[in-house]
> 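My questions will all concern the structure given below.
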Amino acid sequence: MNLDTLRHSCSHVMAQAVKELWPQVKLAIGPAIEDGFYYDFDKPEPFTDADLLAIEKAMQKIITQNEIFLRQEISKQDALALFKKNHEDYKVELVAKLPDQAISIYRTGDNFLDLCRGPHIQSTGQIKAFKLLSVAGAYWHGIETNPMLQRIYGTCFESQQELDEHLKNLEEAKFRDHRKLGPALGLFDIYHEEAGAGFVFYHPKGALLRMIIEDYEKKEHLKRGYYLVTTPHLMDAGLWKKSGHYDYYKENMYFTSEEGKEVVVKPMNCPGHILIYQSKTRSYKDLPIRLFELGTVYRKEKAGVLHGLLRVRGFTQDDAHIFCLPQQLEAEIKGVIDFVFETMKVFGFDSVGIELSTRPEKSIGTDEDWQKATAALEQALKEKGLAYEVNQGDGAFYGPKIDIKLKDALKRTWQCATIQCDFALPKRFNLSYIDAEGKEQQPIMLHRVLLGSLERFIGALIENYKGKLPLWLSPKQIVIIPIKESVLAYAQKVKAECEDKGLRVNIDNRNETLNKKIREAELENIPYCFIVGEREAQNNTVSIREKGSKDKYADPLEYVFFIQELVKDIKQHK
RNA sequence: GCUGGAGUAGCUCAGUUGGCAGAGCACGUCCUUGGUAAGGACGGGGUCACGAGUUCAAUUCUCGUCUCCAGCUCCA
């Protein structure tokens with residue numbers, strides 16, 4: 001049985017139940033979606049949780065009665081008359097837009113009928129496991145200026161077991177939510193009321209994690225021939241008018257002023273990098289020039305879209321702009337794709353989805369340039385043998401893009417890397433290089449990020465690892481627990497040796513019991529506890545407890561050997 | 001920005017049909033000096049999100065604001 005068909009049918013049953021309970025409700029649309037289905041209703045009073053239970057009960061009854069899904073074809077005229085008679089205004093609107101030919105409708109039970117292309121399951125009895133999940137507002141046709149309808153989300157599976165598994169998955173997602181885990185683990189917090197929504201504060205452990213990621217990225221970029229640059233946070237509004245951002249994104253930019261001049265808090269790094277490129281005459285021999293910056297940008301996002309670290313108002317991009325010759329374009333794109341995949345893998349994500357987005361309605365540049373740019377991206381993907389989906393009209397205003405979305409442990413996708421091909425900004429800024437004949441030419445510009453925003457990426461990391469970061473990313477790698485005060489000096493010696501090897505280690509010297517310290521180290525997800533008492537001090541060893549090893553623990557080990565092994569693991573990003 | 005739900009101690013949450021504000025954890029002091037996931041005693045901590053209104057009296061009722069949550073719309 002096709003799962004989409006099953007879910008679509010289930011949404012019909014839900015609509016039927018709603019119409020039985022509230023006959024005056026008007027129906028909009030009810031499709032199957034990735035994890036279930038929804039149906040949009042026009043009903044003046046909101047649905048409550050109790051309503052959902054009542055609807056579920058009514059649905060169960062319809063399912064028990066095993067009603068047939070009966071397909072009928074009628075003329076457009078008849079369909080219009082039928083839905084008009086039933087006061088289904090939204091259906092009338094939908095029918096009116098259909099071509100003038102036979103239109104299919106589906107009936108179930110005595111009274112329920114719905115405009116529907118189909119297909120459906122044979123009868124309601126085939127629905128074995130379903131659940132209604134939530135209610136939310138949704139605009140008719142998804143257009144902001146249209147009336148808001150009430151959407152009920154539900155899900156449906158072929159067996160109760162699969163449904164239970166899905167619900168368990170949802171529960172688990174809640175449990176690993178970075179918005180809970182992050183503050184609980186001392187990584188970051190957001191002081192919504194005091195400092196403003198959408199602004200992240202990294203606490204000591206989170207700042208360390210961020211530093212580890214930043215250090216890794218800087219090193220890797222230098223290795224690949226990028227130049228590290230830094231650009232200011234405030235720049236004259238004129239620069240943003242020239243780049244086009246002012247016209248396209250004014251609503252989302254933060255402004256300030258200086259001596260009557262308008263100044264913009266940077267929402268992007270490109271204009272800054274362009275100025276650096278323009279600072280001198282460039283030769284074709286210098287290209288490609290790859291400028292990389294961990295650039296912190298601010299965007300005034302609407303209040304309703306903010307979400308933990310995933311959607312914030314101030315964030316740092318691992319942003320680079322590559323200025324290259326036309327003949328270098330494809331190789332550069334391929335190089336970035338390889339860089340993205342390698343980086344994802346190092347951070348523990350190995351499954352990705354790729355999308356190619358083309359020219360949007362609101363955009364700058366000539367058709368010819370858009371075609372060239374889109375073709376270059378597509379060609380690179382094809383030559384890499386990568387599967388991708390095309391997202392028509394979803395590109396940036398200055399060029400088409402490849403988005404690489406990573407998948408986490410729960411198979412959820414996260415938008416992180418993007419590669420954008422841009423002919424428009426070089427034109428606007430009149431960028432140039434001198435070719436072999438001594439003539440001025442225009443370079444092509446690639447915009448790209450690997451992790452996207454560090455904030456979002458750290459959110460993804462926390463959720464993917466459920467807060468249990470691998471050793472190399474752990475802000476605290478080892479905690480040394482001296483059993484009594486008399487061995488403190490020995491503990492300090494061990495600590496010094498570990499630090500000498502670059503390990504992040506501290507001593508838990510509090511007046512608490514050993515059990516409590518171990519418990520807290522476990523809860524804090526510290527990979528290793530080194531426990532030292534008289535026995536260890538005498539033999540120059542430590543007792544090693546690996547996180548999660550429960551009551552089993554290693555025999556006292558010559559710790560010098562052990563920390564060498566740890567250093568090896570860290571080098572390999574384990 | 002829109003629809004709906006919510007905001008009580010640092011955290012997780014009780015509670016008040018309008019009349020002195022509660023627990024556990026966390027925090028502080030003291031006792032305890034320990035062998036692999038919570039040792040004990042005592043103590044401090046609150047403009048019940050904020051602002052107005054109704055009332056003898058508002059954390060509780062009404063309105064507004066801010067913020068969060070589930071979605072919608074948006075995401076250079």
Side-chain angles (χ1 to χ4, degrees), chain A residues 38 40 45-49 133-153 174 177 179-180 183-184 189-198 240 243-253 267-271 297 299-308 310-313 315 317 360 362-364 394-399 401 415 418 420 422 425 447 452-453 456 481-488 511-523 529-536 543-554 556:
Chain A
Y38 67 79
D40 286 345
E45 320 78 37
F47 288 109
T48 63
D49 286 350
L133 298 171
S134 58
V135 189
Y139 301 109
W140 169 233
H141 284 321
I143 295 167
E144 227 173 330
T145 46
N146 278 351
M148 185 159 265
L149 307 169
Q150 289 192 68
R151 175 172 299 179
I152 301 179
Y153 283 93
K174 250 186 252 172
D177 192 328
R179 292 169 297 178
K180 296 292 277 181
D189 215 335
I190 297 173
Y191 304 104
H192 305 101
E193 311 259 358
E194 301 89 333
W240 304 97
S243 71
H245 293 101
Y246 194 96
D247 288 337
Y248 283 80
Y249 294 101
K250 193 164 189 265
E251 301 305 309
N252 290 307
M253 302 198 311
M268 296 203 88
N269 302 301
C270 3
V297 297
R299 298 178 186 177
K300 199 190 282 173
E301 304 287 4
K302 289 179 181 175
V305 307
L306 301 174
H307 183 99
L310 303 188
R311 196 75 184 274
V312 290
R313 286 178 171 152
F315 57 98
Q317 297 176 302
K362 218 175 146 190
S363 56
I364 55 176
D394 215 24
F397 76 90
Y398 46 71
K401 60 177 183 172
Q415 166 68 56
T418 165
Q420 305 171 350
D422 181 3
L425 287 182
H447 307 239
S453 101
R456 176 176 294 183
I481 306 177
I483 287 174
K484 49 179 164 180
E485 224 161 318
S486 58
V487 292
L488 185 57
N511 179 18
E512 298 290 352
T513 57
L514 174 63
N515 278 348
K516 185 158 185 172
K517 290 178 187 180
I518 287 173
R519 177 183 151 83
E520 289 184 4
E522 285 280 349
L523 293 176
C529 290
F530 285 3
I531 291 137
V532 298
E534 298 285 358
R535 289 203 299 260
E536 288 78 8
S543 279
I544 294 158
R545 183 191 160 102
E546 191 176 349
K547 175 173 167 48
S549 62
K550 305 248 161 170
D551 50 356
K552 274 198 211 156
Y553 50 96

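Reminder, nothing fancy here: chain letters follow the sequence lines and each chain counts from 1. Any value given below was found using the heavy atoms of this structure, including those in side chains, with hydrogens, waters and symmetry copies removed.
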> With sequence neighbours excluded, what pairs up with A:Asp422 under the salt bridge (Lys or Arg N to Asp or Glu O under 4.0 Å) test?
none

> In B/S/- notation, 5' to 3', how is nucleotides 66-76 of chain B contacted by protein heavy atoms closer than 4.0 Å?
BSSSSBBBBBB

> Partners of A:Lys302 by salt bridge (Lys or Arg N to Asp or Glu O under 4.0 Å), sequence neighbours excluded?
A:Glu144

> I would like to know whether A:Tyr38 and A:Ile152 meet side chain to side chain contact (heavy atoms under 4.5 Å, CB included); could you show each step before the answer?
CA-CA 5 Å; A:Tyr38 67 79; A:Ile152 301 179; over 6 Å; no

> What interatomic distance, in whole Å, is found between P of B:A57 and the corresponding atom of B:A14?
31 Å

> Under 3.5 Å, is there any donor-acceptor pair linking the side chain of A:Ser543 to the base of B:U36?
yes

> Does the side chain of A:Arg545 get closer than 4.0 angstrom to OP1 or OP2 of B:G35 through an N or O atom?
no

> Over all strands shown, is A:Gln317 touching base, sugar-phosphate only, or nothing at heavy-atom distances under 4.0 angstrom?
nothing

> Between B:U67 and B:U29, how far is it from one P atom to the other, in whole Å?
38 Å

> Which whole number of Å gives the distance between the C1' atom of B:U59 and that of B:G7?
12 Å

> Mind calculating the distance between NZ (A:Lys484) and P (B:U36) to the nearest angstrom?
15 Å

> Nearest 0.5 Å, what's the SG-NZ distance between A:Cys529 and A:Lys517?
11.0 Å

> Could you work out, with side-chain hydrogen bond (donor to acceptor under 3.5 Å, both in side chains) as the rule, every residue matching A:Tyr246, not counting sequence neighbours?
A:Glu262

> Restricting both atoms to N or O, compile the protein contacts to nucleotides 23-28 of chain B shorter than 3.5 Å, with distance only.
| residue | atom | partner | partner atom | Å |
| --- | --- | --- | --- | --- |
| B:A26 | OP1 | A:Lys516 | NZ | 3.2 |

> Roughly how far, to the nearest 0.5 Å, is OG1 of A:Thr418 from NE2 of A:His447?
9.5 Å

> Below the 4.0 Å mark, does B:G39 have OP1 or OP2 next to a side-chain nitrogen or oxygen of A:Thr513?
yes

> What's the gap between B:A49 and B:C11 when it is taken at their P atoms, as a whole Å value?
13 Å

> The criterion is side-chain hydrogen bond (donor to acceptor under 3.5 Å, both in side chains); which residues satisfy it with A:Glu534, sequence neighbours excluded?
A:Ser486

> Suppose we screen for salt bridge (Lys or Arg N to Asp or Glu O under 4.0 Å). Which residues come up paired with A:Asp247, at least two apart in sequence or across chains?
none

> Given atom CZ of A:Phe47 and atom P of B:U3, what is their separation to the nearest angstrom?
17 Å

> For nucleotides B:U32 and B:G39, find the distance between their C1' atoms and express it as a whole number of Å.
7 Å

> When rounded to the nearest Å, what value does the distance between P atoms of B:A6 and B:C13 take?
15 Å

> Run the side-chain hydrogen bond (donor to acceptor under 3.5 Å, both in side chains) test against A:Tyr248 and tell me which residues pass, sequence neighbours left out.
none

> With sequence neighbours excluded, tell me which residues meet side-chain contact (heavy atoms from CB on, under 4.5 Å) with A:Val312.
A:Val200, A:Phe315, A:Glu455

> By side-chain contact (heavy atoms from CB on, under 4.5 Å), which residues pair with A:Leu523, not counting sequence neighbours?
A:Arg519

> Quick one: A:Glu534 CD to B:U33 C1', roughly how many Å, whole number?
11 Å

> Say you pick atom P in B:C27 and the same atom in B:G64; how far apart are they, in whole Å?
42 Å

> Please state the C1' separation for the pair B:C25 and B:G45 - nearest whole angstrom.
14 Å

> My understanding is that only residues two or more places apart in sequence, or in another chain, count here; which of them pass side-chain hydrogen bond (donor to acceptor under 3.5 Å, both in side chains) with A:Lys250?
none

> Under a 3.5 Å cutoff on both atom distances, Watson-Crick or G-U, what's the dot-bracket for RNA chain B ([ ] crossing, | other strand)?
(((((((..((((.....[..)))).(((((.......))))).....(((((..]....))))))))))))....

> Reckon A:Lys180 touches a base, only the sugar-phosphate, or nothing at all at heavy-atom distances under 4.0 Å?
sugar-phosphate

